[in-house]
Amino acid sequence: MTKETFDVGEYVDRMAEFIDLPIDPEYRPGVVDNITRIAAIAQLVNDFPLPDTIEAAPIFEP
């Protein structure tokens, strides 16, 4: 199975267009960098192994 690449720049451009959000060209690199960091953090969460027997808590109490 091959892993598809995620083009963050294209994602930013398409999502900005989709939600009608103009991004000034001088800020675009910063937006791309932030989305790249967010994707890396999300990957850590998604890769965390959970047992098949785990159940969601019905009530969250900090």
Side-chain angles (χ1 to χ4, degrees):
M1 178 194 264
T2 62
K3 184 176 181 178
E4 293 182 33
T5 59
F6 177 62
D7 185 342
V8 179
E10 182 178 350
Y11 175 80
V12 167
D13 294 340
R14 288 180 184 253
M15 289 299 107
E17 182 180 341
F18 180 71
I19 63 172
D20 195 25
L21 177 69
I23 299 177
D24 192 316
E26 78 175 282
Y27 297 121
R28 186 180 177 279
V31 174
V32 170
D33 287 344
N34 281 321
I35 296 295
T36 300
R37 289 184 189 108
I38 290 167
I41 293 167
Q43 191 63 47
L44 290 172
V45 173
N46 288 335
D47 288 345
F48 187 82
L50 293 175
D52 292 335
T53 57
I54 197 162
E55 295 183 22
I59 297 174
F60 173 76
E61 295 180 17

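Residue F6 places its CZ atom among more than 12 non-hydrogen atoms of other residues, nucleotides or ligands, all under 6.0 Å distant. Within 6.0 Å of the CD1 atom in I59, the count of heavy atoms belonging to other residues, nucleotides or ligands does not exceed 12.
With sequence neighbours left out, the side chain to side chain donor-acceptor pair (under 3.5 Å) criterion links D47 to Q43. Qualifying salt bridge (charged side-chain N to carboxylate O under 4.0 Å, His left out) partners for R37, counting only residues two or more places apart in sequence or in other chains: none.
Scanning both residues, I23 and A16, for their nearest heavy atoms gives CD1-CB, 3.7 Å.
Note on F18 and L21: same hydrophobic cluster, where clusters join Ile, Leu, Val, Met, Phe, Trp and Tyr whose side-chain heavy atoms are under 4.5 Å apart, directly or indirectly. L44 and I38 fall into different hydrophobic clusters, where Ile, Leu, Val, Met, Phe, Trp and Tyr side chains are chained together by heavy-atom contacts under 4.5 Å.
We find the OH-CG distance between Y27 and N34 to be 13.5 Å, quoted to the nearest 0.5 Å.
The side-chain heavy atoms of D13 and R28, taken from C-beta on, include a pair separated by under 4.5 Å.
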